[in-house]
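See below for the structure under consideration.
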Amino acid sequence: MKLSIKKILPRSLLGRSLLILMTPIFLIQVITTYIFFDRHWDKVTGRLAFAVAGEVAMIVSDVENASDGDEIEAISQKAVKALDFLVSFDDGATLSKKRDDRNTMVGKALSESLSYKISQPFRISIDIEEKWVEVSIALQNGVLRITMPQRRLFSSSGYIFLLWMIAISITLLAIAILFMRNQIRPIRRLAIVAERFGRGQDAPASFKPEGAREIRQAARSFLDMRDRIRRQIQQRTAMLAGISHDLRTPLTRMKLQTEMLGDTPDAAELKSDIAEMEKMVNAYLDFVRGEGDEKTEAISLNDLISRIIINTRRIGIDISEKDLPEIMLTVRPVAFERCLMNIINNATKYAHHIEISVENTENELLLHIDDDGPGIPEEALGDVFRPFFRVDESRNLETGGIGLGLPIAQDIILSHGGHIELGRSPLGGLRATIIMAK
Ligand SMILES: Nc1ncnc2c1ncn2[C@@H]1O[C@H](COP(=O)(O)OP(=O)(O)O)[C@@H](O)[C@H]1O
Ligand SMILES: [Mg+2]
């Protein structure tokens with residue numbers, strides 16, 4: 001039960017606000033309309049019928065007392081002038097058994113009043129389209145027909161009332177939509193800006209807190225939070241860069257000192273350790289240098305991948321793409337390319353064949369980079385994203401990596417609001433999947 005109600009309810013804030021606003025109005029209108037028709041309209045119709053019945057009764061008694069046709073003609077002329085009634089008398093006729101309309105609301109009211117006022121049998125026929133009501137009364141020697149315009153019996157105020165109700169509801173709804181839309185727009189804007197921030201994109205320059213007080217407050221808090229997070233990231237990066245940079249001076253000094261140690265095995269080990277440390281520090285500095293000030297930009301994924309494929313083939317690697325659809329991505333282009341290159345460079349080190357493919361789901365874009373190498377053992381999949389982690393030291397001796405490629409790639413994709421997953425490739429080696437939210 002709870003579930004089905006949730007399904008029916010509108011999902012948008014605008015829809016819900018309108019529902020909350022319009023439901024009571026609609027209810028009030030239904031109740032008012034019901035009361036109006038039940039009480040007021042019924043009563044008005046009853047009174048109109050009563051008055052008409054009285055006039056009919058007067059004509060009936062006049063016609064019964066008339067001595068000849070001329071007198072009936074005079075009564076008829078008076079009735080047209082004073083009452084809007086058309087009166088005719090069919091001498092010798094009898095009441096036909098045509099359809100009787102005393103079952104309609106007005107017919108019922110009229111027949112009730114007539115039965116009260118006259119004793120003769122009668123028949124009522126209502127022609128809604130032609131707007132006429134006809135009462136035929138059986139007199140002693142003929143049938144008296146009295147035709148009157150419908151408005152003598154129908155109170156049109158009921159329809160006018162209904163029309164007004166509908167018109168008011170529509171006007172109210174229109175005004176509500178207009179105003180609510182304006183109230184909701186700043187919330188939607190804020191949501192978009194928040195989402196873009198999650199993907200490492202800047203807010204549009206025109207964005208500023210606006211709308212109702214609470215919304216403005218939320219927007220301001222969000223902007224403050226965003227600035228704090230940015231400052232924090234910048235400060236972290238700057239500090240790490242500073243430490244790495246400063247480490248180079250003692251490293252250089254140590255390198256010079258080991259030169260003076262001669263050619264002992266201990267000295268050789270020391271030298272290789274220092275060389276490795278230097279490589280780590282340089283790799284990190286290399287990465288940090290471009291970070292931070294690059295702006296996001298919409299790029300064609302196809303163009304980027306085609307370029308990477310051409311460059312990679314040039315160095316003799318078997319790399320191909322599998323039917324890439326035309327896709328635009330909003331990313332920091334240099335960082336994004338670096339991430340792709342880190343993954344592809346790994347594959348070129350361990351595998352012979354590389355394949356790039358795209359899966360486009362409803363909410364995500366999946367970019368697979370498959371290779372036919374040895375892959376990464378399951379238990380190490382989580383660790384390779386840790387800085388300086390390498391799966392198998394002996395395997396890495398000749399490849400010369402220092403274990404920053406995947407952590408940096410992951411860091412770049414995280415800052416775009418996505419993430420990288422590693423797993424088994426259908427080609428037998430590693431499948432690295434870059435998952436970007438849409
Ligand atoms: N395509 C791959 N096939 C097999 N092993 C891989 C692949 N990519 C990465 N690895 C393993 O994950 C480790 C971490 O990779 P990475 O962070 O790029 O560091 P690096 O390449 O500098 O060693 C590598 O040392 C390697 O053992
Ligand atoms: Mg690498």
Side-chain angles (χ1 to χ4, degrees), residues 237 240-241 244 247-248 251 272-291 304-305 307-309 311-322 332 334-359 366-416 418-435:
T237 319
L240 279 172
S244 311
L247 275 176
R248 291 209 297 194
L251 272 175
S272 98
D273 278 350
I274 291 171
E276 178 152 4
M277 274 175 80
E278 208 175 11
K279 260 204 307 198
M280 286 176 172
V281 167
N282 285 338
Y284 181 72
L285 277 174
D286 208 30
F287 160 64
V288 161
R289 209 161 284 141
E291 271 303 276
L304 175 62
I305 289 179
R307 206 174 62 238
I308 290 178
I309 287 181
N311 289 340
T312 313
R313 278 191 186 142
R314 202 169 280 154
I315 55 168
I317 306 290
D318 173 22
I319 181 167
S320 61
E321 48 144 301
K322 222 170 72 185
R332 289 179 288 129
V334 176
F336 192 74
E337 182 170 348
R338 163 181 235 129
C339 157
L340 271 176
M341 282 320 295
N342 282 2
I343 296 172
I344 289 170
N345 280 340
N346 283 347
T348 61
K349 278 187 222 160
Y350 304 105
H352 303 294
H353 175 62
I354 306 171
E355 197 165 278
I356 303 177
S357 58
V358 163
E359 226 179 289
L366 285 77
L367 181 63
H368 302 298
I369 295 125
D370 291 300
D371 68 49
D372 61 351
I376 296 177
E378 191 113 3
E379 63 273 12
L381 281 179
D383 290 325
V384 289
F385 288 120
R386 286 210 328 254
F388 308 118
F389 178 89
R390 279 168 293 173
V391 173
D392 171 1
E393 288 295 335
S394 64
R395 182 163 101 193
N396 285 292
L397 274 182
E398 71 268 28
T399 58
I402 42 102
L404 269 185
L406 288 176
I408 286 174
Q410 180 73 293
D411 189 73
I412 289 171
I413 296 303
L414 285 177
S415 77
H416 284 93
H419 65 281
I420 298 178
E421 270 174 21
L422 299 176
R424 278 231 81 79
S425 161
L427 300 183
L430 183 74
R431 160 172 277 194
T433 304
I434 299 177
I435 301 168

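Just so you know, ligand 1 is whichever comes first in the structure, and atom 1 is the first atom listed for that ligand. Predicted, not measured: the structure shown is a model, and the values here were computed from it.
Applying the side chain to side chain donor-acceptor pair (under 3.5 Å) criterion to E321, with sequence neighbours excluded, gives no partner residue.
Here CD1 of I435 is found 8.0 Å from NE2 of H368. Values are rounded to the nearest 0.5 Å. Taking CG of L406 as the reference point, atom CG of L381 lies at 10.5 Å (rounded to 0.5 Å). Of the inter-residue distances, the one linking L340 atom CG with I369 atom CD1 reads 5.0 Å to the nearest 0.5 angstrom. Atom CZ in R424 sits 10.0 Å away from atom CD1 in I376 (nearest 0.5 Å). The CD1 atom of I434 sits 5.0 Å away from the CZ atom of F336 when rounded to the nearest 0.5 Å.
Proximity of F385 to ligand 1 is not established, as no heavy-atom distance is less than 4.0 Å. Assignment of G373 to the shell around ligand 1 is not supported, since no heavy atom sits closer than 4.0 Å. Residue contact check for ligand 1: D371 places a non-hydrogen atom closer than 4.0 Å to it. In this structure, G429 does not count as a contact residue of ligand 1, since none of its heavy atoms falls inside 4.0 Å of the ligand.
Residues R313 and S320 share a closest heavy-atom pair of NH2-CA, 3.9 Å.
Closest heavy-atom approach to atom 22 (O) of ligand 1 within the set G403, G375, G405: this belongs to G403. With atom 9 (C) of ligand 1 as the reference point, the heavy atom nearest to it among N346, D383, L404 is part of N346.
Considering I408, L247, L404 in turn, L404 is the only one that fulfils the side-chain contact (heavy atoms from CB on, under 4.5 Å) rule with Y284.
At a 4.0 Å heavy-atom cut-off, ligand 1 touches I402 through the backbone alone.
Here is the list of ligand 1 atoms found below 4.0 Å of a heavy atom in Y350: 2 (C), 3 (N), 4 (C), 5 (N), 6 (C), 7 (C), 10 (N), 24 (C), 25 (O), 26 (C), 27 (O). Listed by number with element, the atoms of ligand 1 under 4.0 angstrom from any heavy atom of K349 are 21 (O). Which parts of ligand 1 touch I376 is read off a 4.0 Å heavy-atom cut-off, strictly below it: atoms 5 (N), 6 (C), 9 (C), 10 (N), 11 (C), 12 (O). Interface of A347 with ligand 1, defined as ligand atoms under 4.0 Å from a residue heavy atom, comprises 1 (N). Per-residue contacts place P407 under 4.0 angstrom from the following atoms of ligand 1 (heavy atoms of the residue considered): 17 (O). Residue R390 has at least one heavy-atom neighbour below 4.0 Å for each of these atoms of ligand 1: 23 (O), 25 (O). Less than 4.0 angstrom separates some heavy atom of V391 from each of these atoms of ligand 1: 11 (C), 12 (O), 25 (O), 27 (O). Listed by number with element, the atoms of ligand 1 under 4.0 Å from a non-hydrogen atom of L430 are 1 (N), 2 (C), 7 (C), 8 (N).
The closest donor-acceptor contact from the side chain of R431 to the backbone of P426 lies at 3.5 Å or more, if one exists at all. Checked by atom type and distance alone, the side chain of D318 never pairs as donor or acceptor with a backbone atom of H353 at under 3.5 Å. Using a distance-only test at 3.5 Å, with no hydrogens or angles considered, a donor-acceptor pair links the side chain of Q410 to the main chain of I420.
Note on the Mg ion (ligand 2): protein N, O or S atoms under 2.8 Å away count 1, no waters included.
Under the 3.5 Å distance criterion, with hydrogens and angles disregarded, no donor-acceptor pair is assigned to the side chains of H352 and D372.
Geometrically, ligand 1 and P374 share no nitrogen or oxygen pair separated by less than 3.5 Å.
Within 6.0 Å of CE in M277 there are 12 or fewer heavy atoms belonging to other residues, nucleotides or ligands.
We find that D371 and K349 are not joined by a salt bridge, their nearest charged nitrogen and carboxylate oxygen being 4.0 Å or further apart.
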